Structure formats: structure tokens, C-alpha cells
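Because only heavy atoms are used, hydrogens play no part in the values below, and waters and symmetry mates are left out as well, while side chains stay in. Not measured: the values here are computed from a predicted model. Letters A, B, ... mirror the listed sequences (proteins, then strands); counts begin at 1.
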Number of protein chains: 2
Amino acid sequence: MGRHREFDVEKALDSALCVFWRKGYEGASYADLTEATGVERPALYSAFGNKEALFRLALARYYDRYLDYLPEALLLPTARDVAAYILHNAIELNTRYPEHTGCLGINGVLAGSDEAESVRLALIDARAAGERQIRERFEQAKTDGDLPSTANPDTLAAFLMAVLHGIAVQAKAGFSREMLTAVGEQALANWPSASSSVSTQSP
Amino acid sequence: MGRHREFDVEKALDSALCVFWRKGYEGASYADLTEATGVERPALYSAFGNKEALFRLALARYYDRYLDYLPEALLLPTARDVAAYILHNAIELNTRYPEHTGCLGINGVLAGSDEAESVRLALIDARAAGERQIRERFEQAKTDGDLPSTANPDTLAAFLMAVLHGIAVQAKAGFSREMLTAVGEQALANWPSASSSVSTQSP
DNA sequence: TCGTTATCGTAATGATCATTACGGAAAAAT
DNA sequence: ATTTTTCCGTAATGATCATTACGATAACGA
């Protein structure tokens with residue numbers, strides 16, 4: 001019983017997510033959040049808890065709703081397909097919305113006051129979880145034989161993630177989708193292949 | 001005439017630089033800055049101006065004193081040498097100081113409140129200036145012939161910077177120097193070369 | 001219709017932020 | 001020795017921060 005909630009919690013969370021995406025955790029104030037959601041402060045507190053709890057909910061939603069291409073990618077037949085699919089979708093996501101470019105998961109990792117340390121650690125964990133999934137998929141690719149036995153899944157996963165992070169930074173700096181696509185293709189140009197060595201030795 | 005300054009301005013700027021490196025522009029408070037420098041607030045203001053001016057001075061010093069490997073790299077004989085030298089030194093710099101990992105120039109680019117927008121733009125500019133130098137060097141490499149005529153200096157420079165940014169993010173996330181070195185080597189694998197095509201056609 | 005219960009918006013709370021007013025202290029100039 | 005000039009540190013300023021107390025409002029059960 002009691003009075004009903006007058007706002008849509010899901011929509012408010014979506015709006016808050018966009019604010020965090022653009023400004024990061026500490027850069028987003030409750031003034032920003034109330035303006036974006038159309039919900040007054042006490043209502044946000046009662047619905048989501050404090051700022052950190054709201055951010056963690058937004059981060060989880062971000063992985064569910066925007067980084068949904070990651071689990072899809074892992075199902076593709078070869079490691080190269082996986083990498084290409086992730087790169088393509090990440091670039092699309094990082095440039096889809098002009099008002100919040102880059103990656104929410106990266107935009108808050110780098111710097112902040114001591115009070116935000118726990119949030120930084122949460123973002124680092126989430127990043128590592130994604131990299132772990134990719135690494136395990138690449139280990140499978142070695143067993144499958146679409147990666148050469150000399151390939152190092154650890155290194156390849158870290159390399160792919162590095163390029164993804166770099167693309168996120170460049171997207172935030174205003175790079176066009178075309179430019180980022182070229183960067184992604186350059187990263188794939190180096191991709192190790194099992195079927196044919198790149199050595200130029202004649203038989 | 002008048003009283004002499006009791007603190008070393010250069011040393012104070014160095015200390016402030018480290019605070020910004022670790023916490024970013026907005027994450028660093030004057031409480032942090034006075035503690036790190038050992039200089040009281042009004043003295044910092046009289047010596048450097050306000051917080052934004054202090055940050056800009058620190059940024060310039062960072063490029064001069066820590067990113068000095070960039071101009072050195074540009075003098076190397078081939079584009080691949082340039083890229084390898086930059087990667088190696090960037091990794092070393094990003095992991096040299098455990099208390100402030102990653103790159104000062106990147107740590108503040110990504111997110112922040114609206115008040116910090118001008119600082120963000122300054123960091124984006126500085127990043128772009130570095131990329132431009134590398135691109136021009138790669139254009140020279142095409143003329144020199146150590147990059148094939150099919151190579152795209154724009155893309156190669158952006159790719160190299162993307163990997164550098166990604167490495168900065170990973171350094172901030174706690175990656176070891178060894179892991180980052182492997183990432184850098186992966187980026188250099190199959191670097192475009194003019195002397196021998198990677199095609200496997202026999203003559 | 002009335003009492004219970006939950007949500008609403010206004011406005012307050014205390015902390016921290018960047019910035020500076022101000023008076024004492026020290027060094028040069030007269 | 002006194003004046004002038006500059007710097008030092010204390011402590012204040014107003015703004016903004018996240019968080020919440022509180023009274024009004026609205027929906028339910030009885």
C-alpha cells in the first residue's frame with residue numbers, strides 16, 4: 001500500500017547512465033542527474049541508494065544493454081572473427097551518441113579523488129572480466145586450431161583490449177567512425193593465422 | 001626588493017605534476033597539492049595562478065620532461081624504429097612510478113564536470129599535437145621508402161596512438177611492464193615494410 | 001470516510017571545493 | 001632606523017558537493 005512511484009525507474013536509470021557515460025563518476029553531480037532524469041534527489045536516493053550504488057547499477061546496465069555484443073562475439077567460429085566483431089561493434093558504440101562518446105567503463109577508470117577509489121576498482125574489475133572472457137575464447141581457438149600453437153592468448157587478448165581502450169580514448173577526443181575503423185583494421189592486419197605462415201619461404 | 005620566496009618553484013611544480021598524474025585535474029584538490037608540495041595555498045596561487053594555470057604548467061612540464069622520448073624517436077631512421085622506440089619508452093614511463101601509473105595526458109581527457117571542459121580540450125589538443133608529429137614522420141618515411149607506398153600515415157599514426165592510449169589505460173589498471181611489452185610487440189608484428197611484401201608469392 | 005503507508009518536492013545539513021582578505025614577518029631600499 | 005615591498009600562514013569566503021529531515025500529497029485497506 002501507500003503512494004505509487006510517479007517515475008519510471010528503468011528510464012531514470014537509463015538517463016543516469018548517459019550522464020555517467022559523458023561525465024564519469026565524479027564529474028556527474030546530483031544536479032546533473034536530477035536534470036537528466038527529471039527526478040528529484042530524494043526520489044533517486046530512495047530508488048537507487050546513494051551515488052555509488054546508482055553508478056554501479058548504471059555500470060551493470062551498461063554491460064547488459066550496450067556491451068551485449070561481447071557474448072555474441074564469443075560464439076563466432078574463429079578468434080579473428082571474434083576480434084573483428086568486437087572491434088566493429090565497439091567502434092559503433094563509441095561513436096553512436098555524439099553527446100557521450102567513448103566507453104563508460106573506461107571514462108571513469110583513470111583518475112579521481114581518493115573518495116572514488118572504490119568505484120575505480122570496480123571499473124578495473126569489470127574491465128578485467130571482459131578481458132578474461134576474450135582470453136579464454138582465444139585459448140579455445142588454439143585448441144580449435146584457428147590460432148597457431150605459437151600464439152599467446154594472454155597477449156592477444158591484452159592487445160585487443162589495448163586497441164579497444166585506445167579507440168575509446170580517441171572517440172572521446174572526437175575521432176570519426178571512419179578513422180577508428182581504419183585503426184581497427186590495422187590492428188587486425190597483424191592477426192596471427194594458423195593456416196598460412198607469413199614467412200616468404202618458397203616450398 | 002621585498003621578501004624572498006622560501007620554496008623552490010620548480011620542485012613545487014614537480015610535486016604538483018605528480019598529484020595531477022595520479023588523480024587527474026578535478027580529482028586533485030588544493031589539500032592534496034599543499035600536502036604534496038609543502039606549500040600553502042596562497043603561495044601556490046601567487047606562484048602559478050589558479051588551479052587551471054597550474055595544471056597547464058604541469059602538463060607542459062610533463063611533455064618536456066617525461067615525453068622527451070618523442071622528439072628523440074622522430075630522429076630514428078625508419079618508421080618502425082620510431083614506433084618501437086616510442087612504445088618501449090611509453091611503457092617504461094607508464095610503469096616507472098607505482099604511485100602514478102599511466103599517462104598524465106590521458107588520465108584527464110576522458111571525463112569530468114562541465115567546469116573542467118577547457119582543461120579536457122587542452123589535453124585533447126596536446127594529444128593531437130603528438131599524433132600529428134608522428135603522422136608527419138610517417139609521411140617522411142613513405143618518401144624515404146621505408147614505408148610502402150600503399151601505407152597510410154594517418155592510419156598508422158592513429159593506430160600507434162591507440163595502442164599507446166590502451167597501454168596507458170592498462171598501466172592504470174595495474175598491468176605489469178612485461179605484459180605491456182608483449183602488447184607493444186604484438187602491435188609491431190607485421191609492421192608494413194617496403195623492402196619485402198608479406199605476400200607469399202614466389203618470384 | 002478514515003488511518004496507514006509510501007512517495008513527493010522543498011529546503012536544510014555539514015563537508016569540501018577553489019579562491020582570497022588580511023595581518024605578521026622578512027628582506028631590500030632609503 | 002625606517003619605509004617599502006614582497007612573501008608567509010591563518011582563516012575566512014561563497015559556491016557546490018552528496019545526503020537527508022520534514023511536511024504535504026496520494027493511494028491503498030478497512
Side-chain angles (χ1 to χ4, degrees), chain A residues 1-13 15-20 22-59 108 111-120 122, chain B residues 1-13 15-20 22-59 107-108 111-120 122-123:
Chain A
M1 59 189 100
R3 185 172 175 176
H4 295 313
R5 196 164 259 146
E6 290 180 1
F7 64 95
D8 186 327
V9 177
E10 302 291 310
K11 285 187 182 174
L13 183 53
S15 300
L17 190 162
C18 291
V19 174
F20 285 129
R22 185 153 75 89
K23 303 195 170 189
Y25 173 65
E26 288 194 308
S29 71
Y30 266 92
D32 298 323
L33 293 168
T34 55
E35 185 187 353
T37 59
V39 175
E40 293 299 326
R41 279 163 242 239
L44 290 176
Y45 277 91
S46 95
F48 303 109
N50 67 6
K51 190 183 178 185
E52 177 166 347
L54 174 54
F55 181 81
R56 286 175 185 271
L57 287 170
L59 180 63
S113 73
D114 292 339
E115 286 81 30
E117 184 69 10
S118 64
V119 172
R120 250 193 67 242
Chain B
M1 60 190 95
R3 184 174 174 176
H4 296 310
R5 194 165 260 145
E6 289 181 1
F7 64 94
D8 186 327
V9 177
E10 302 290 311
K11 285 186 180 173
L13 183 54
S15 301
L17 190 161
C18 291
V19 175
F20 285 129
R22 184 154 75 89
K23 303 195 171 189
Y25 173 65
E26 288 194 307
S29 71
Y30 267 92
D32 298 323
L33 293 169
T34 55
E35 185 185 355
T37 59
V39 175
E40 294 299 326
R41 281 165 240 239
L44 290 176
Y45 276 90
S46 95
F48 303 110
N50 67 5
K51 190 183 178 186
E52 178 166 347
L54 174 55
F55 181 81
R56 287 175 184 271
L57 286 169
L59 181 63
N107 289 355
S113 73
D114 293 337
E115 285 82 30
E117 183 69 11
S118 63
V119 172
R120 251 194 66 243
L123 288 170

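- For Phe55(B), the ring-ring contact (aromatic ring centres under 6.0 Å, His included) partners at least two apart in sequence or on another chain are Phe20(B), Tyr25(B).
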Protein-proximity profile, nucleotides 17-30 of chain C, B/S/- by nucleotide at the 4.0 Å heavy-atom cutoff, equals SSBBB--BBBSSS-
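- For Phe48(A), the side-chain contact (heavy atoms from CB on, under 4.5 Å) partners two or more places apart in sequence, or in a different chain, are Val9(A), Ala12(A), Leu13(A), Leu44(A), Leu54(A), Leu57(A).
- In summary, Arg3(B) and Glu6(B) engage in a salt bridge, as defined by a charged side-chain N under 4.0 Å from a carboxylate O.
- Between Arg22(A) and Asp32(A) no salt bridge is recorded (no basic side-chain N to carboxylate O distance below 4.0 Å).
- Here the side chain of Glu52(B) pairs no donor or acceptor atom with the backbone of Val119(B) at under 3.5 angstrom.
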